[in-house]
Colleague: 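Just passing along the structure, written as structure tokens.
Since this is a predicted model, take the numbers as computed values, not measurements.
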Amino acid sequence: MAMSANGSVIVEGREKAGVLEIGADCRIEYSLSYPYIAGHGGISDFYARSASAYERTIRGKYLPLLRRRERYIDNEMLTVSAGYTVMYNQKGLLSVFIDTYEDMGMLKRSLSRSSQTWRLRDGKVIPADVFFKKGSDWRGQLTGRVAESISSESGANPGSYYFDWLSRCRKWDSMRGYYLSDDGMVIYYQPGVIAGANMAIPSFLVPYNGISHLLAVQL
């Protein structure tokens with residue numbers, strides 16, 4: 001298990017990319033970047049398997065769709081891209097998010113995010129509650145901070161969020177809807193959950209120094 005004195009690891013990039021052509025004028029281009037962590041085979045394998053599964057989806061689902069459309073549409077290029085960002089890499093923790101964009105022309109356009117926070121000593125993905133004191137209202141405090149940010153933004157941009165954004169905000173997924181950064185915990189929502197697609201992926205930084213009384217570990 002390769003780890004430096006401050007509990008960080010070396011993260012290298014890997015990529016699966018290709019062009020799937022149908023005839024002379026229609027094709028799908030894809031580029032899927034994912035992290036590789038030397039000495040942490042379980043984590044690296046997770047990302048490699050995920051990229052391979054997505055590649056199979058492109059070939060098994062989107063390619064047949066394009067074949068059916070080829071007779072009606074000329075010069076169509078569909079693109080899929082996925083890129084990762086390491087946001088926290090210290091103290092035996094690694095937090096990564098991957099943004100995926102699919103441009104399937106008239107078939108589909110979408111943006112999504114997935115994230116994992118890994119405990120390096122055992123290669124486990126951990127939910128947000130692990131970082132907080134048992135019995136504390138950590139979830140209410142975090143979503144409360146998000147609500148404050150949205151209220152401030154909504155004042156400047158009326159209509160940016162859905163009318164029932166507050167109730168939607170409180171349904172935040174604490175397993176898959178966060179990642180750590182050097183300055184704080186980032187809470188995010190998929191497009192269409194609390195706001196329209198024009199807001200992309202609404203993300204909110206909650207600084208550690210504002211929730212230190214709730215934390216069970218030092219971040």
Colleague: If we only count heavy atoms from C-beta on, is the E55 to Y30 side-chain gap below 4.5 Å?
Modeller: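 Result yes, sub-4.5 Å side-chain heavy-atom pair found.
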
Colleague: Between R170 (side chain) and G140 (backbone), is there a donor-acceptor pair under 3.5 Å?
Modeller: no

Colleague: May I ask you to test the I98-Y47 pair for a side-chain heavy-atom distance under 4.5 Å?
Modeller: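 With C-beta onward as the side chain, the pair touches.
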
Colleague: Heavy-atom distance under 4.5 Å between the side chains of R59 and L20, does that happen here?
Modeller: yes

Colleague: Between L111 and P191, what is the shortest heavy-atom contact and its length?
Modeller: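 Looking at all heavy atoms of both residues, the closest pair is O-CG, 3.2 Å.
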
Colleague: Return yes if some donor-acceptor pair links the side-chain N/O of S44 with the main-chain N/O of I37 below 3.5 Å, else return no.
Modeller: yes

Colleague: Once rounded to the nearest 0.5 Å, what's the spacing between atom CD of Q116 and atom NZ of K124?
Modeller: 14.5 Å

Colleague: Please check: side-chain N/O of S95 versus main-chain N/O of L180, any donor-acceptor pairing under 3.5 Å?
Modeller: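 Present.
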
Colleague: Look at the side chain of T57 and the backbone N and O of A53, then say whether any donor-acceptor pair between them is shorter than 3.5 Å.
Modeller: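 Answer holds: yes.
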
Colleague: Could I get the full list of side chain to side chain contact (heavy atoms under 4.5 Å, CB included) partners for R176, not counting sequence neighbours?
Modeller: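 Partners of R176 by the side chain to side chain contact (heavy atoms under 4.5 Å, CB included) criterion, ordered by chain and then number, come out as D173.
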
Colleague: Flag yes if V193 and W165 sit in one hydrophobic cluster, no otherwise; membership is Ile, Leu, Val, Met, Phe, Trp, Tyr, and two members link when side-chain heavy atoms are under 4.5 Å apart.
Modeller: yes

Colleague: Does T85 reach the side chain of Y179, with side-chain heavy atoms less than 4.5 Å apart?
Modeller: no

Colleague: Assigning hydrophobic clusters by single linkage (Ile, Leu, Val, Met, Phe, Trp, Tyr; side-chain heavy-atom cutoff under 4.5 Å), is F163 placed with V146?
Modeller: no

Colleague: How far apart are the C-alpha atoms of Y162 and R168, what are their side-chain angles, what is the distance that settles it, and do they pass the side chain to side chain contact (heavy atoms under 4.5 Å, CB included) test?
Modeller: CA-CA 9 Å; Y162 296 144; R168 291 168 176 255; 3.6 Å; yes

Colleague: Go through R56 and K61 one step at a time and tell me if the side chain to side chain contact (heavy atoms under 4.5 Å, CB included) criterion holds.
Modeller: CA-CA 8 Å; R56 288 194 297 272; K61 180 180 178 181; over 6 Å; no

Colleague: Please report the interatomic distance CZ(F97) to OG(S114), rounded to the nearest 0.5 Å.
Modeller: 10.0 Å

Colleague: Are any non-hydrogen side-chain atoms of L78 and E102 less than 4.5 angstrom apart?
Modeller: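 Answer no - side chains too far apart.
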
Colleague: Should V186 and V96 be regarded as members of a common hydrophobic cluster, given that ILVMFWY residues are connected when their side-chain heavy atoms come within less than 4.5 Å of each other, either directly or indirectly?
Modeller: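 They do not share one cluster, since no chain of ILVMFWY contacts under 4.5 Å joins V186 to V96.
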
Colleague: Could you check whether any side-chain N or O of S152 sits under 3.5 Å from a backbone N or O of E148, counting only pairs where one atom can act as donor and the other as acceptor?
Modeller: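 Not at all, since once roles are kept as given, no pair shorter than 3.5 Å links the two residues.
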
Colleague: Evaluate the criterion side chain to side chain contact (heavy atoms under 4.5 Å, CB included) for residue pair L94 and V86; output intermediate values, then yes/no.
Modeller: CA-CA 8 Å; L94 178 69; V86 176; 3.8 Å; yes

Colleague: Under 3.5 Å, side-chain donor or acceptor atoms of residues 203-216 against the rest of the protein: list the pairs with distances, not counting sequence neighbours.
Modeller:
residue	atom	partner	partner atom	Å
S203	OG	R113	NH1	3.1
S203	OG	I201	O	3.1
Y208	OH	S181	O	2.7
Y208	OH	G184	O	3.3

Colleague: Is any side-chain heavy atom of R145 less than 4.5 Å from a side-chain heavy atom of T143?
Modeller: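 No - every pair of side-chain heavy atoms lies 4.5 Å or more apart.
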
Colleague: Just verifying a value: how many Å separate F132 CZ and D137 CG, rounded to the nearest 0.5 Å?
Modeller: 11.0 Å

Colleague: Counting C-beta onward and ignoring hydrogens, is there a side-chain heavy-atom pair between L166 and I150 closer than 4.5 Å?
Modeller: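 A side-chain contact under 4.5 Å is absent here.
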
Colleague: Between Y101 (side chain only) and A82 (backbone N and O only), is there a donor and an acceptor less than 3.5 Å apart?
Modeller: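 Answer holds: no.
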
Colleague: Is the backbone N or O of V9 less than 3.5 Å from a side-chain atom of N89, with the two atoms forming a donor-acceptor pair by type?
Modeller: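 Yes, the answer is positive, given that a donor and an acceptor are paired below the 3.5 Å cut-off.
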
Colleague: Would you say that V125 contacts W118 through its side chain, given a criterion of any heavy-atom pair below 4.5 Å between the two side chains?
Modeller: yes

Colleague: Grab the two heavy atoms, one from A48 and one from K16, that are nearest each other, plus how far apart they are.
Modeller: O-CE, 4.1 Å

Colleague: Less than 6.0 Å separating the ring centroids of Y84 and Y34?
Modeller: no

Colleague: Distance from R109 atom CZ to D103 atom CG, nearest 0.5 Å?
Modeller: 4.5 Å

Colleague: Mind listing the closest non-hydrogen atom pair of R139 and K171 along with its distance?
Modeller: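 That closest heavy-atom pairing would be NH2-C, 3.6 Å.
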
Colleague: Without swapping roles, check the side chain of R27 against the backbone of V19 for a donor-acceptor pair under 3.5 Å.
Modeller: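 Side chain of R27 to backbone of V19: no pair is present.
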
Colleague: Check step by step if side chain to side chain contact (heavy atoms under 4.5 Å, CB included) holds for S112 and Q190.
Modeller: CA-CA 6 Å; S112 63; Q190 298 294 347; 3.8 Å; yes

Colleague: Do you reckon I187 sits in the same ILVMFWY cluster as L219, going by side-chain contacts under 4.5 Å, direct or chained?
Modeller: yes

Colleague: Please name the pair of heavy atoms, one in A147 and one in C169, separated by the smallest distance, quoted to 0.1 Å.
Modeller: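 Nearest pair, atom of A147 first, then C169: N-SG, 4.5 Å.
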
Colleague: Quick one: closest heavy-atom pair of S160 and M199, and the distance?
Modeller: O-CG, 3.5 Å

Colleague: Mind checking what makes side chain to side chain contact (heavy atoms under 4.5 Å, CB included) contact with I126, not counting sequence neighbours?
Modeller: L93, T117, R119, V130, F131, Y178

Colleague: Can you name the nearest heavy-atom pair linking Y188 to S115, along with the distance?
Modeller: OH-OG, 2.7 Å

